[in-house]
Amino acid sequence: MRFAAIADIHGNHLALEAVLSDIRAQGISDIVDLGDMVSGPLDARPTIDMLMQLDTVHLLGNHDRYLIDRPHEKMGSWERRTCTQLEPRHFDWLRTLPATAIYRDRVFLCHATPQDDETYWLDTVLPGGEVVMSSLEAIEARAAGLTQSLILCAHTHTARAVRLRDGRLIVNPGAVGSPSYRAGKPHPHVVEAGSPDARYAILEQVDGAWDVTFRHIPYDHETMAALARQNGEAELASALATGWIR
């Protein structure tokens with residue numbers, strides 16, 4: 001069993017194209033998408049059109065949910081801009097997507113945690129804004145009741161793998177299209193990848209054990225940074241150009 005996991009594209013269609021091309025080059029045809037697909041000041045329409053053509057499992061991320069669960073005036077700036085690029089068929093498709101799923105009976109999929117789509121799982125934000133790995137006890141508590149040997153999550157844009165004491169593996173593949181960001185909850189903080197590459201993971205089960213390969217793919221990030229800058233998103237432009245928030 002061998003497949004790719006993608007997440008946190010955020011309307012970056014050039015990063016998505018590069019990742020899908022690399023996945024094909026690796027001889028992989030099966031993909032799971034962990035959500036946060038289109039929201040952002042980039043190119044939502046070509047991004048969602050590409051994703052809708054994929055025969056794969058898609059999850060509804062928190063930013064995807066914001067597009068369909070609230071009136072326009074209560075959306076954030078990213079969602080309000082994204083809405084102007086989407087058609088009714090796109091919203092109809094988003095409404096069909098689950099928050100969690102089980103892939104081929106062996107892999108549990110969620111966007112953030114099994115319990116909700118906004119909570120950090122493998123990472124914790126300290127009151128001073130430092131982002132550190134969560135404790136093993138906290139990570140295991142959120143995995144209670146899951147019987148699958150591989151668990152995939154996303155949301156923090158940070159590629160990470162954690163082995164639980166019972167042998168289960170939790171993997172965050174990193175972000176395809178948004179390497180770094182600033183957030184205000186639970187405390188003000190930034191997450192920085194340190195490079196502008198598009199990220200995803202390859203998962204393979206060999207003799208009952210899961211092998212993980214994190215892939216960092218160069219692409220035309222300067223074009224997407226210029227688009228973010230044109231749309232008034234200076235920090236996102238910095239993240240897309242460099243992997244740092246400046």
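Hydrogens, waters and symmetry mates play no part in the numbers below; they use all other heavy atoms, side chains included. We count residues from 1, following the sequence as given. What you see is a predicted model, and the numbers here were worked out from it, not measured in a lab.
Summarising the geometry of P173 relative to A5, their closest heavy-atom pair is CB-O, 3.5 Å, with the distance given to 0.1 Å. R81 approaches G40 most closely through the heavy-atom pair CD-O, 4.3 Å. In this structure, I245 and V191 approach most closely via the heavy-atom pair CG1-O, 4.5 Å. Counting all heavy atoms, side chain and backbone alike, L164 lies closest to A143 at CD1-CB, 3.9 Å. Here the shortest heavy-atom pairing between V176 and A15 reads O-CB, 3.4 Å. Closest heavy-atom contact between S195 and P179: O-CB, 3.6 Å.
Put simply, the side chain of T242 never gets that close to the backbone of A239: no donor and acceptor are under 3.5 Å apart. The backbone N or O of W121 lies less than 3.5 Å from a partner atom in the side chain of S134, making a donor-acceptor pair.
Inspection of the T47 and N12 side chains reveals no N or O donor paired with an N or O acceptor under 3.5 Å. A side-chain donor-acceptor contact under 3.5 Å links H189 and Y120.
Taking 4.5 Å as the limit, some side-chain heavy atom of T156 sits within range of a side-chain heavy atom of N172. Using a 4.5 Å cut-off on side-chain heavy atoms (C-beta onward), M50 and M37 make no contact. Counting heavy atoms from C-beta outward, R2 and I28 have side chains that approach closer than 4.5 Å. Annotation: side chain of E140 is in contact with side chain of R165 (closest heavy-atom distance under 4.5 Å). At a threshold of 4.5 Å between non-hydrogen side-chain atoms, the residues L86 and F91 count as touching. Contact annotation: the side chain of L150 never approaches that of F108 to less than 4.5 Å [non-hydrogen atoms, C-beta and beyond]. You'll find the side chain of V107 reaches within 4.5 Å of the side chain of W210, heavy atoms only. Using a 4.5 Å heavy-atom threshold, the side chains of S149 and Q205 count as touching.
Grouping the Ile, Leu, Val, Met, Phe, Trp and Tyr side chains by contacts below 4.5 angstrom, directly or via other members, places V19 with M52. Under the 4.5 Å side-chain heavy-atom criterion for grouping Ile, Leu, Val, Met, Phe, Trp and Tyr, L54 is connected to I23 within one hydrophobic cluster. Both F3 and V212 belong to a single network of hydrophobic side chains, linked directly or stepwise wherever heavy atoms of I, L, V, M, F, W or Y lie under 4.5 Å apart. Side-chain heavy atoms closer than 4.5 Å link hydrophobic residues (I, L, V, M, F, W, Y) into clusters, and following such links, possibly through other members, connects I68 to L51. A continuous path of ILVMFWY side-chain contacts below 4.5 Å connects L20 to I217, so both sit in one hydrophobic cluster.
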Take M1 and R106 through the test side chain to side chain contact (heavy atoms under 4.5 Å, CB included) and record every step on the way to the result.
-> CA-CA 10 Å; M1 183 176 179; R106 285 178 275 180; 3.4 Å; yes
Apply the test side chain to side chain contact (heavy atoms under 4.5 Å, CB included) to residues D36 and D64: give CA-CA distance (whole Å), side-chain angles for both, the deciding distance (0.1 Å), then the verdict.
-> CA-CA 5 Å; D36 273 9; D64 304 316; 4.1 Å; yes
Pair D43-Q85, side chain to side chain contact (heavy atoms under 4.5 Å, CB included): steps then yes or no | CA-CA 8 Å; D43 277 336; Q85 301 183 42; 4.3 Å; yes
Stepwise salt bridge (Lys or Arg N to Asp or Glu O under 4.0 Å) test for R45 and E87 = CA-CA 8 Å; R45 184 175 298 180; E87 301 172 10; 3.6 Å; yes
side-chain hydrogen bond (donor to acceptor under 3.5 Å, both in side chains) between T113 and T119, worked out = CA-CA 6 Å; T113 72; T119 299; 4.9 Å; no
Under the side-chain hydrogen bond (donor to acceptor under 3.5 Å, both in side chains) rule, what do D49 and H90 come out as? Steps first, then yes or no, please.
-> CA-CA 8 Å; D49 283 342; H90 297 130; 2.8 Å; yes
Are I6 and L16 close enough, and set up right, to give a side chain to side chain contact (heavy atoms under 4.5 Å, CB included), and what steps lead you there?
-> CA-CA 9 Å; I6 63 175; L16 178 60; 4.2 Å; yes
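Of the listed residues (L203, L152, L109), just one forms a side-chain contact (heavy atoms from CB on, under 4.5 Å) with Y103, and that residue is L109. Between Y200 and the choices D22, D8, T213, the side-chain hydrogen bond (donor to acceptor under 3.5 Å, both in side chains) rule is met once, by D22. Tested against H111 for a ring-ring contact (aromatic ring centres under 6.0 Å, His included), the candidates H155, H63, H58 yield a single pass: H155. Shown are I9, L59, L60; of these, the side-chain contact (heavy atoms from CB on, under 4.5 Å) with L34 is made only by L59. Exactly one residue among E233, R246, E192, R229 makes a side-chain contact (heavy atoms from CB on, under 4.5 Å) with S238. That residue is R246.
D55 CG: 12 or fewer foreign heavy atoms inside a 6.0 Å radius.
Salt bridge annotation for D92-R89: absent, with no cationic side-chain nitrogen under 4.0 angstrom from a carboxylate oxygen. In this structure, D197 does not pair ionically with R215, as no charged nitrogen and carboxylate oxygen lie closer than 4.0 Å. A salt bridge links E118 and R65; the closest N-O separation between the charged side-chain nitrogens and carboxylate oxygens is under 4.0 Å.
Atom CG in L67 sits 12.0 Å away from atom CZ in R80 (nearest 0.5 Å). Here the CD1 atom belonging to I139 is positioned 11.5 Å from the CZ atom belonging to R168, to the nearest 0.5 angstrom. Interatomic distance, L169 CG to D211 CG, rounded to the nearest 0.5 Å: 10.0 Å. For the atom pair OG (S180) and CH2 (W244), the distance works out to 8.0 Å, reported to the nearest 0.5 Å. One distance of note links CD of E79 with OG1 of T84; it measures 12.0 Å at 0.5 Å rounding. I48 CD1 to H13 NE2: the interatomic distance, rounded to the nearest 0.5 Å, is 14.5 Å.
Chaining together hydrophobic side chains whose heavy atoms lie under 4.5 Å apart places L236 alongside L14, L42, W78, Y219, M224, L227, L240.
In this structure, H157 and H10 have tilted ring planes: the angle between them lies in the 30° to 60° band.
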